[in-house]
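Have a look at the structure below, then the notes.
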There are 2 protein chains.
Amino acid sequence: MRITSSIEYATRLMTTLSRAHGQAPLPAERLAETDNVPGDYVSQILVKLRRAGLVTSHRGSSGGYALSRPPAEITLGQVVRAVDGDVFEDVCGKYDGGAKDCRHQSGCTISPAWQKLGALVTGYFESVTLAAILEQDPARCAAPPAWLEKFSER
Amino acid sequence: MRITSSIEYATRLMTTLSRAHGQAPLPAERLAETDNVPGDYVSQILVKLRRAGLVTSHRGSSGGYALSRPPAEITLGQVVRAVDGDVFEDVCGKYDGGAKDCRHQSGCTISPAWQKLGALVTGYFESVTLAAILEQDPARCAAPPAWLEKFSER
DNA sequence: ACAATTCCTGACCTTTTTAGTCAAGAATGA
DNA sequence: TCATTCTTGACTAAAAAGGTCAGGAATTGT
C-alpha cells in the first residue's frame with residue numbers, strides 16, 4: 001500500500017499553491033522547479049486538478065495556476081480523487097479466480113475488514129484540509145486511536 | 001489505494017485455514033478450490049506465508065497446510081507483510097524529481113500527513129486478528145473515528 | 001520397495017499500471 | 001504581433017501485478 005507519485009506531486013503542488021493563495025497565479029514551470037516535479041509531468045497533474053475544479057488556470061504572460069478556493073476548503077481526499085480517481089478501491093467483485101459470482105469467499109468473511117479499512121482511509125483523507133497541513137503541529141494527533149482496540153476484542 | 005490480489009487471496013486462505021485449525025492439514029489444491037484462487041498461484045502465496053512462519057506445511061499424501069498458531073495470535077498485518085513486504089510504503093526519498101536530497105518539498109510539509117496515514121493503516125492491520133475477522137459482528141465499529149476531527153481543526 | 005501424493009524452487013510470461021516525454025496548437029497579455 | 005502560457009492527446013519505457021509451468025524432492029500409505 002503506497003502513495004503514488006501523482007498523489008505526492010499533486011499534494012506538493014497544492015500546498016505550494018496554498019501558500020500563494022490570494023497572490024498572482026504561478027506558471028506550471030515555476031511550480032515544477034519549486035516542487036521538484038518533472039517538467040512535463042506537472043502539466044498533466046495540473047490539468048486533472050483543474051478539471052476537478054480545485055485550481056483555475058490563466059493563459060498568456062503572467063498567467064498560471066491558482067487555487068479556486070481557500071486552502072481550508074480543500075481536502076486531501078479531493079486532491080487524491082482528482083488525480084487517481086478513487087481514494088480506496090473496492091475489493092468486491094475482483095480477484096474472483098474465474099468464478100462468475102463475487103467470491104469474497106465463505107459468506108464474505110473478510111469483506112467487512114476491507115470496508116472498515118476503506119472507511120478509515122477515506123475518513124482520514126476527507127478530514128485533512130490543505131490549511132490543516134500548513135498549520136498543524138506535527139506533535140499533535142500522534143497517539144494511537146483507541147477505538148481500534150474494539151476490533152480485536154474477543 | 002487498493003488491496004492487491006495477493007493480499008486478498010492470502011487473507012481468504014488464512015481464514016479458511018483458521019476454520020480448519022486443529023484439524024487435518026489442507027492441501028494447496030483444495031484451498032485453491034475452496035477460496036477461488038488460481039491453481040498455481042496459491043502455492044506461491046502459501047510459500048510466502050510459510051516462510052513468514054504463519055503456516056506449516058507437510059508433504060506426502062494427507063499432507064497440506066495448517067496454521068502454525070491459533071487464529072487469535074495472527075494479525076492481518078502479519079499476513080500482509082508476509083505476501084507484500086510492507087503494509088504501508090514510506091514516501092520519503094521517492095519522487096524527488098531528480099533532486100539529490102529528499103524533496104518532500106518546503107520543509108517536509110506533507111510528510112507528517114503521510115506518516116499519520118501510515119500509522120493509521122498499520123495500526124488497523126495490526127489490531128485485526130484472524131479470530132476477530134471470523135467472530136466479529138459486522139455492525140460493530142461502524143462509527144467514524146472521532147479523533148480524526150482533530151486533524152482538521154483550525 | 002514402490003507408487004501416489006503433495007510440497008518446493010525458480011524461471012518464465014502476459015497484462016496493467018505507473019511514470020514520464022513530446023509535439024502541435026490555442027488563448028492571452030504586453 | 002510576439003512571447004508567454006496553458007491544452008490536448010498521443011506516445012513510450014520501466015516496473016509491478018497477476019499468473020503459469022516444469023522438474024525435483026520429501027512423505028505417506030500399501
Side-chain angles (χ1 to χ4, degrees), chain A residues 1-10 12-13 17 24-33 35-52 54-66 68 80 83-86 89 91 93-99 103, chain B residues 1-13 17 24-33 35-52 54-66 68 80 83-86 89 91 94-99 103:
Chain A
M1 199 157 273
R2 54 190 270 271
I3 300 298
T4 63
S5 67
S6 301
I7 294 178
E8 162 75 7
Y9 291 153
R12 278 189 214 166
L13 298 171
L17 289 173
L26 297 172
E29 196 181 355
R30 185 103 193 294
L31 284 166
E33 290 167 17
D35 287 329
N36 267 311
V37 179
D40 292 300
Y41 202 22
V42 78
S43 311
Q44 282 197 21
I45 296 169
L46 287 165
V47 150
K48 289 183 180 175
L49 293 171
R50 179 178 55 77
R51 287 183 180 148
L54 301 179
V55 303
T56 56
S57 62
H58 300 280
R59 300 200 230 198
S61 51
S62 80
Y65 293 90
S68 60
V80 170
V83 296
D84 264 17
D86 268 320
E89 199 173 315
V91 183
K94 306 181 66 172
Y95 316 130
D96 50 17
R103 279 302 218 161
Chain B
M1 198 156 274
R2 53 190 270 271
I3 300 298
T4 63
S5 67
S6 302
I7 294 179
E8 162 75 7
Y9 290 153
T11 52
R12 278 189 215 168
L13 297 172
L17 288 173
L26 298 172
E29 197 181 355
R30 185 102 193 294
L31 284 166
E33 291 167 15
D35 287 328
N36 267 312
V37 180
D40 292 298
Y41 201 21
V42 80
S43 312
Q44 282 197 21
I45 295 169
L46 286 166
V47 150
K48 289 183 179 176
L49 293 171
R50 178 178 56 78
R51 288 185 180 146
L54 300 179
V55 303
T56 57
S57 62
H58 299 281
R59 300 201 231 199
S61 51
S62 81
Y65 292 90
S68 61
V80 170
V83 296
D84 264 19
D86 268 321
E89 199 174 316
V91 183
K94 307 181 63 172
Y95 317 130
D96 50 17
R103 280 301 220 162

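Since the model is a prediction, treat every value here as computed from it, not as a measurement. A note on names: the letters A, B, ... follow the listed sequences, proteins ahead of strands, and every chain is numbered from 1.
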- Message: According to salt bridge (Lys or Arg N to Asp or Glu O under 4.0 Å), who are the partners of B:Glu89, at least two apart in sequence or on a separate chain?
- Response: B:Lys94
- Message: Could you tell me if A:Thr4 and B:Tyr95 have a donor-acceptor pair between their side chains, going purely by distance under 3.5 Å?
- Response: no
Interatomic distance where [atom1] belongs to [X] and [atom2] belongs to [N] [whole Å]:
{"X": "A:Leu31", "N": "D:dC6", "atom1": "CG", "atom2": "C1'", "value": "13 Å"}
{"X": "B:Ile45", "N": "D:dG18", "atom1": "CD1", "atom2": "P", "value": "10 Å"}
{"X": "B:Asn36", "N": "D:dG19", "atom1": "CG", "atom2": "P", "value": "12 Å"}
{"X": "A:Glu89", "N": "D:dA16", "atom1": "CD", "atom2": "C1'", "value": "15 Å"}
{"X": "B:Glu8", "N": "D:dG19", "atom1": "CD", "atom2": "P", "value": "11 Å"}
{"X": "A:Arg12", "N": "C:dA19", "atom1": "CZ", "atom2": "P", "value": "12 Å"}
{"X": "B:Asp40", "N": "D:dG24", "atom1": "CG", "atom2": "C1'", "value": "15 Å"}
{"X": "A:Arg30", "N": "D:dC6", "atom1": "CZ", "atom2": "P", "value": "12 Å"}

- Less than 4.5 Å apart, any side-chain heavy atom of A:Leu31 and any of A:Val37? no
- Query: Taking side chain as C-beta onward, heavy atoms only, is B:Arg2 less than 4.5 Å from A:Asp86?
  - Reply: no
- Using a cut-off of 4.0 Å between protein heavy atoms and nucleotide atoms, how would you tag nucleotides 2-12 of chain C 5' to 3' with B, S and -? ---BBBSS-B-
- Sugar-phosphate only, base, or nothing, as touched by B:Arg2 at under 4.0 Å among non-hydrogen atoms: sugar-phosphate
- Item | A:Tyr41 vs C:dT21: side-chain N/O to OP1/OP2 distance below 4.0 Å | no
- Message: Please determine whether a side-chain nitrogen or oxygen atom of B:Tyr9 lies at a distance below 4.0 Å from atom OP1 or OP2 of D:dG19.
- Response: yes
- Nearest heavy-atom neighbours spanning A:Val83 and A:Ala10: CG1-CB, 3.8 Å
- Query: Backbone N or O of B:Tyr65 within a donor-acceptor pair of the B:Ser57 side chain at under 3.5 Å?
  - Reply: no
- Message: Please check if the number of heavy atoms outside B:Arg30 that lie under 6.0 Å from its CZ is greater than 12.
- Response: no
